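Not measured: the values here are computed from a predicted model. Quick note: numbers below take in every heavy atom, side chains included, and nothing from hydrogens, waters or symmetry partners.
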Amino acid sequence: MELNFTKVEKAFFEDAKIRNISTKVPYITVESFPKLGLLSALSFIEWVSENPTGVVSLPTSKTAQYFIHYVHLILDNWDNKQGKELLEKYHLKGHKKPDLSNLQFVQMGDFYPISSEQHNSLYNFAKVNYIEGFGLKMENSLLIKSEDIKLAENKHFLEVFPDYSIDLSLRFREAKTAVEKIQQESIFKIDNWCTNYENEIREKGGIGFFLSGIG
């Protein structure tokens, strides 16, 4: 099997305990969760250095803690001994320090319904850790705010779904009550919003670097 790894991936593969790959999809093993965060961070930095205005979608949960930690560590120490040793070890020596500010960020999802300003919303996580933390630009980002999704009769989601329960069977069955009719119309509006959101991603050219939860 021909392993089409990047320079960073090759470095980690050389250190991997499992190197005899028999599956159709190649993989790399690491011995710990922090090491997985380091691999993810270096792969991200490697890609960004070649795609400074590219479209990225990054994890929005606590599993991203080591990824975020190592991105900051590597960029903050790029020109000192610690940083240079890391870059050389993982085959990034000679790469120009990437500027993250022109990346186009896409939020991959969120809980619904939830206030975007709630501390455990994925919107808030993305805003704090990526927009502010990585210095990305809000105007270049696609973010998901529950409040922006228009529902039936312009009602707030707490008026439409007061118990936070959404019956998705209303997508294909008739509404039995006036409340269900409003909920059904709202679900259709939510579905349309999601379709439009995906179209906006396509208009950006699709996601170039996608990193899901790494827990």
Side-chain angles (χ1 to χ4, degrees), residues 40 44 47-48 51-68 71-72 100-215:
S40 302
F44 172 67
W47 188 87
V48 173
N51 303 273
T53 61
V55 182
V56 301
S57 188
L58 305 173
T60 46
S61 67
K62 62 184 179 180
T63 67
Q65 60 179 318
Y66 284 109
F67 163 72
I68 294 170
V71 168
H72 284 296
L100 308 186
S101 65
N102 291 315
L103 290 174
Q104 302 176 71
F105 176 79
V106 173
Q107 184 180 336
M108 68 179 73
D110 209 330
F111 304 105
Y112 187 89
I114 190 172
S115 169
S116 60
E117 297 304 322
Q118 193 166 316
H119 73 92
N120 59 340
S121 74
L122 302 187
Y123 169 89
N124 187 63
F125 185 100
K127 179 183 174 184
V128 171
N129 291 282
Y130 298 134
I131 306 303
E132 298 171 2
F134 281 6
L136 308 185
K137 296 174 183 175
M138 185 69 78
E139 61 266 27
N140 288 346
S141 303
L142 284 179
L143 300 173
I144 300 171
K145 298 180 71 173
S146 294
E147 300 91 331
D148 290 345
I149 304 175
K150 303 300 181 184
L151 303 182
E153 300 180 4
N154 286 322
K155 290 180 177 290
H156 188 273
F157 58 72
L158 287 179
E159 296 179 279
V160 179
F161 308 108
D163 57 355
Y164 289 96
S165 177
I166 302 178
D167 184 356
L168 294 181
S169 71
L170 287 168
R171 278 180 172 150
F172 52 83
R173 68 172 175 83
E174 289 188 14
K176 298 177 182 178
T177 65
V179 171
E180 281 196 346
K181 187 173 181 180
I182 291 175
Q183 290 179 338
Q184 183 179 61
E185 183 181 343
S186 297
I187 289 171
F188 291 156
K189 284 181 175 289
I190 295 169
D191 286 342
N192 287 335
W193 188 94
C194 292
T195 298
N196 291 333
Y197 188 81
E198 291 181 353
N199 287 337
E200 289 186 76
I201 297 174
R202 293 188 182 94
E203 289 172 5
K204 284 182 173 288
I207 297 171
F209 185 93
F210 181 87
L211 181 62
S212 186
I214 55 174

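Note: S141 OG to I131 CD1 = 3.5 Å, rounded to the nearest 0.5 Å. Between the CZ atom in F157 and the CD1 atom in I190 there is a gap of 10.0 Å [rounded to 0.5 Å]. Between the NZ atom of K181 and the CD atom of E174 there is a distance of 11.0 Å, given to the nearest 0.5 Å. Residue S61 holds its OG atom at 8.0 Å from CE of M108, rounded to the nearest 0.5 Å. Interatomic distance, N192 CG to I149 CD1, rounded to the nearest 0.5 Å: 11.0 Å.
The aromatic rings of F134 and H72 sit perpendicular, their planes meeting at an angle over 60°, well past the 30° parallel limit. Using cut-offs of 30° and 60° on the angle between ring planes, the pair Y130 and F125 is perpendicular.
Residues L122 and I114 fail the side-chain proximity criterion, which asks for heavy atoms closer than 4.5 Å. Side-chain contact between E185 and V160 is absent, with no heavy-atom pair separated by less than 4.5 Å. Between F105 and L100, every side-chain heavy-atom pair lies at or beyond the 4.5 Å cut-off. Side chains of F210 and L58 form no contact here, defined as non-hydrogen atoms less than 4.5 Å apart. Side chains of N51 and F209 form no contact here, defined as non-hydrogen atoms less than 4.5 Å apart. Considering only heavy atoms from C-beta on, R171 comes within 4.5 Å of I187 through its side chain. Residues S121 and F111 have side chains not in contact (no heavy-atom distance under 4.5 Å, counting atoms from C-beta outward). You'll find the side chain of I166 reaches within 4.5 Å of the side chain of Y112, heavy atoms only.
Nearest heavy-atom pair, E180 versus K176, reported as atom, atom and distance to 0.1 Å: OE1-N, 2.8 Å. Between R173 and D167 the shortest heavy-atom distance is NH2-OD2, 2.8 Å. For the residue pair P59 and S212, the shortest heavy atom distance occurs at CB-O, 3.6 Å. Nearest heavy atoms, Y197 versus L142: OH-O, 3.0 Å. In terms of heavy-atom proximity, L170 sits nearest to Q184 at O-NE2, 2.9 Å. Contact between E159 and P162 at its shortest, heavy atoms only, is O-CD, 3.8 Å.
Of the possible donor and acceptor atoms, none in the side chain of Q104 sits under 3.5 Å from a partner among the backbone N and O of I201. Judged by distance alone, the side chain of T195 and the main-chain N or O of D191 form a donor-acceptor pair under 3.5 Å. Without hydrogens or angle criteria, K204 side chain to N140 main chain gives a donor-acceptor distance under 3.5 Å. Between the side chain of Y66 and the backbone N or O of S40 there is no donor-acceptor pair closer than 3.5 Å. In this structure a side-chain-to-backbone donor-acceptor pair under 3.5 Å is present from D110 to Y123. A donor-acceptor contact shorter than 3.5 Å is absent between the side chain of E147 and the backbone of S115. The backbone N or O of V106 sits less than 3.5 Å from a side-chain atom of S57, completing a donor-acceptor pair. Distance alone, capped at 3.5 Å, is enough to place a donor-acceptor pair between the N124 side chain and the H119 backbone. Counting only distance, with no hydrogens or angles, the side chain of S186 and the backbone of A152 share a donor-acceptor pair below 3.5 Å.
A donor-acceptor pair shorter than 3.5 Å cannot be found between the side chains of Q107 and T60.
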